[in-house]
Enquirer: 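Structure incoming, see below.
Computed from a predicted model, the values in this text were never measured in an experiment. A note on names: the letters A, B, ... follow the listed sequences, proteins ahead of strands, and every chain is numbered from 1.
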2 protein chains.
Amino acid sequence: MRLNHAELLTRFRRHAVRLTRQRAAIYTALAETTSHPTADDLYQTVKRQHPMMSRNTVYYTLGVLQQAGLVQEVNVGHEVARFDGNVTVHHHLICLGCRQIVDVMDEGLNQLAVSNGQARGFRILGHRVEFHGYCAGCQRGKLDVP
Amino acid sequence: MRLNHAELLTRFRRHAVRLTRQRAAIYTALAETTSHPTADDLYQTVKRQHPMMSRNTVYYTLGVLQQAGLVQEVNVGHEVARFDGNVTVHHHLICLGCRQIVDVMDEGLNQLAVSNGQARGFRILGHRVEFHGYCAGCQRGKLDVP
DNA sequence: ATGCTATGTAGGAATCATTCCTAGGTAGGG
DNA sequence: CCCTACCTAGGAATGATTCCTACATAGCAT
């Protein structure tokens, strides 16, 4: 996905987020990958073009973008936070070997509900599904899949 | 669920885990609640009966019990790790207000699959579903549910 | 265009859950 | 009942994330 400055400005305005060079760089780096990078991955990437970029700015910006709904946090278990520029409703496949995260777009998974008997008075606003397994590469390397 | 020493011994033997006073206390505290406590919650609980208990022992023990399959880690987003003594397959309801976690036992949710088109060569071993919303109490307190 | 001001940024210090290290202690097989 | 492999306590270390603060700048109003 190529992102020019006009499109960037449109998106940021739509979500009422002020656009700065740093934010443009961080958001673009995230939106142009499907690899669900960590804050530090993004920092390393963005630092190539912006050597003065602070790690703090990356964290702060990710927080702002997340609250604005331009970015989503994906967490695998208890590991380092990872981020996703795809904010459409979708779910994830997680490789237990190499820890890669792959998007799953499946309308069926978006329709899950909890039976009233189990809902215990909760008002449910959304859900998240993660599938755990081994990717093709890790199956080859490691046939003693537990 | 009342756990006597004989039952405890049986479970630990079945999973080849050495039984110590500390482990008995930690596992019992966890098995007798449905509140998904943090490591520190368990430490605070267990310390009442075992004032010499080290926080380190709680972490180490939870690791051992988890690897043995006597205990499960539940993670809500990027927060502190929480633990679950219920190791049957089940899913969770998470309150965005008070952060409580409630178990959902629903056979339908245990049957989810990813279509081959989306599976991208993954060998899938399991999945986890978390529903996000507001519990009955938090709906009353906070009607500006986002 | 230019100036103003609320907001963002850089950098370093602080936090805090978790892990690492190590010297005693103990479960439980023989 | 004795060994020894495995545990435990306590303190130090780690590392992702957050906090603090002085300087910079986006973008509205003039």
Side-chain angles (χ1 to χ4, degrees), chain A residues 5-6 8-27 29 36-68 70-71 73-83 99, chain B residues 5-6 8-27 29 36-68 70-71 73-83 99:
Chain A
H5 189 265
L8 215 49
L9 200 57
T10 308
R11 290 198 197 178
F12 275 60
R13 289 241 168 97
R14 189 182 303 139
H15 292 263
V17 176
R18 188 182 286 196
L19 184 58
T20 65
R21 301 158 212 272
Q22 291 89 337
R23 291 179 176 188
I26 294 165
Y27 178 73
H36 306 85
T38 65
D40 199 64
D41 291 338
L42 288 167
Y43 171 62
Q44 299 301 338
T45 300
V46 156
K47 200 168 52 160
R48 290 201 289 268
Q49 303 295 328
H50 298 260
M52 299 303 288
M53 172 82 65
S54 156
R55 190 178 262 106
N56 190 8
T57 299
V58 176
Y59 278 105
Y60 180 74
T61 297
L62 287 169
V64 170
L65 296 180
Q66 196 181 346
Q67 285 214 313
L70 279 163
V71 148
E73 197 173 334
V74 180
N75 291 288
V76 184
H78 188 227
E79 291 168 18
V80 184
R82 297 175 65 167
F83 295 87
R99 317 312 279 179
Chain B
H5 190 265
L8 215 49
L9 201 55
T10 308
R11 291 197 196 178
F12 274 60
R13 288 238 168 100
R14 188 182 304 139
H15 292 262
V17 176
R18 190 182 283 194
L19 183 59
T20 65
R21 301 158 212 273
Q22 290 88 338
R23 292 179 175 188
I26 294 164
Y27 178 74
H36 308 82
T38 67
D40 199 64
D41 291 338
L42 288 167
Y43 172 62
Q44 299 300 339
T45 302
V46 155
K47 202 167 52 161
R48 289 203 289 270
Q49 303 295 327
H50 298 261
M52 299 303 286
M53 173 82 66
S54 157
R55 191 179 261 106
N56 191 8
T57 299
V58 176
Y59 278 104
Y60 180 74
T61 297
L62 287 169
V64 169
L65 297 180
Q66 196 182 343
Q67 284 214 312
L70 280 161
V71 149
E73 199 173 331
V74 181
N75 291 290
V76 184
H78 188 227
E79 291 169 17
V80 185
R82 298 175 65 165
F83 295 87
R99 317 312 279 179

Enquirer: Applying salt bridge (Lys or Arg N to Asp or Glu O under 4.0 Å), which residue pairs with at least one partner in residues 57-66 of chain B are found, sequence neighbours left out?
Expert: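 For residues 57-66 of chain B: none.
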Enquirer: Apply side-chain hydrogen bond (donor to acceptor under 3.5 Å, both in side chains) to B/T38 and list each qualifying residue two or more places apart in sequence or on a separate chain.
Expert: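 So B/T38 forms a side-chain hydrogen bond (donor to acceptor under 3.5 Å, both in side chains) with B/D41.
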Enquirer: Report the residues that fulfil side-chain hydrogen bond (donor to acceptor under 3.5 Å, both in side chains) with B/E73, sequence neighbours left out, ordered by chain and then residue number.
Expert: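 side-chain hydrogen bond (donor to acceptor under 3.5 Å, both in side chains) check on B/E73 returns B/Q66.
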Enquirer: Under 4.0 Å from any atom of DNA chain C, heavy atoms only: list the residues of residues 36-43 of chain A that qualify, in numerical order.
Expert: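 Within this stretch, nothing sits under 4.0 Å of the strand.
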Enquirer: Check whether any side-chain heavy atom of A/L62 sits under 4.5 Å from a side-chain heavy atom of A/F83, and report yes or no.
Expert: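 Yes - at least one pair of side-chain heavy atoms lies under 4.5 Å apart.
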Enquirer: I'd like to check the ring pair (Phe, Tyr, Trp, His ring centres under 6.0 Å) partners of A/F12; sequence neighbours left out, ordered by chain and number.
Expert: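 A/F12 satisfies ring pair (Phe, Tyr, Trp, His ring centres under 6.0 Å) with A/Y27 only.
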Enquirer: How would you list, by chain and number, every residue that makes a salt bridge (charged side-chain N to carboxylate O under 4.0 Å, His left out) with B/E79, sequence neighbours excluded?
Expert: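 Once residues adjacent in sequence are excluded, the partners of B/E79 under the salt bridge (charged side-chain N to carboxylate O under 4.0 Å, His left out) criterion are B/R99.
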Enquirer: Using five pairs at each end of the helix from C/dA1-D/dT30 to C/dG30-D/dC1 to define an axis, what is the angle between those two axes, to 10°?
Expert: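 End-to-end axis angle for the helix from C/dA1-D/dT30 to C/dG30-D/dC1: 40°, rounded to 10°.
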Enquirer: Give the B/S/- string for nucleotides 22-30 of chain D, one per nucleotide from 5' to 3', where a protein heavy atom under 4.0 Å of the base yields B, of only the sugar-phosphate yields S, and otherwise -.
Expert: ----BS---
Enquirer: Contacts to DNA chain D from residues 45-61 of chain A, heavy-atom cutoff under 4.0 Å, which residues?
Expert: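 Per residue number, the list reads A/N56, A/Y59.
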Enquirer: Please list, in 5' to 3' order, the outermost nucleotides of DNA chain C lying under 4.0 Å from any heavy atom of chain B.
Expert: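 The contact span of chain B on DNA chain C goes from C/dA17 to C/dG28.
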Enquirer: List the residues meeting side-chain hydrogen bond (donor to acceptor under 3.5 Å, both in side chains) with A/R55, not counting sequence neighbours, and say none if there are none.
Expert: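 In terms of side-chain hydrogen bond (donor to acceptor under 3.5 Å, both in side chains), with neighbours along the sequence ignored, A/R55 is linked to A/D40.
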Enquirer: Please identify each residue that fulfils side-chain hydrogen bond (donor to acceptor under 3.5 Å, both in side chains) with B/N56, with sequence neighbours left out.
Expert: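 B/N56: no side-chain hydrogen bond (donor to acceptor under 3.5 Å, both in side chains) contacts found.
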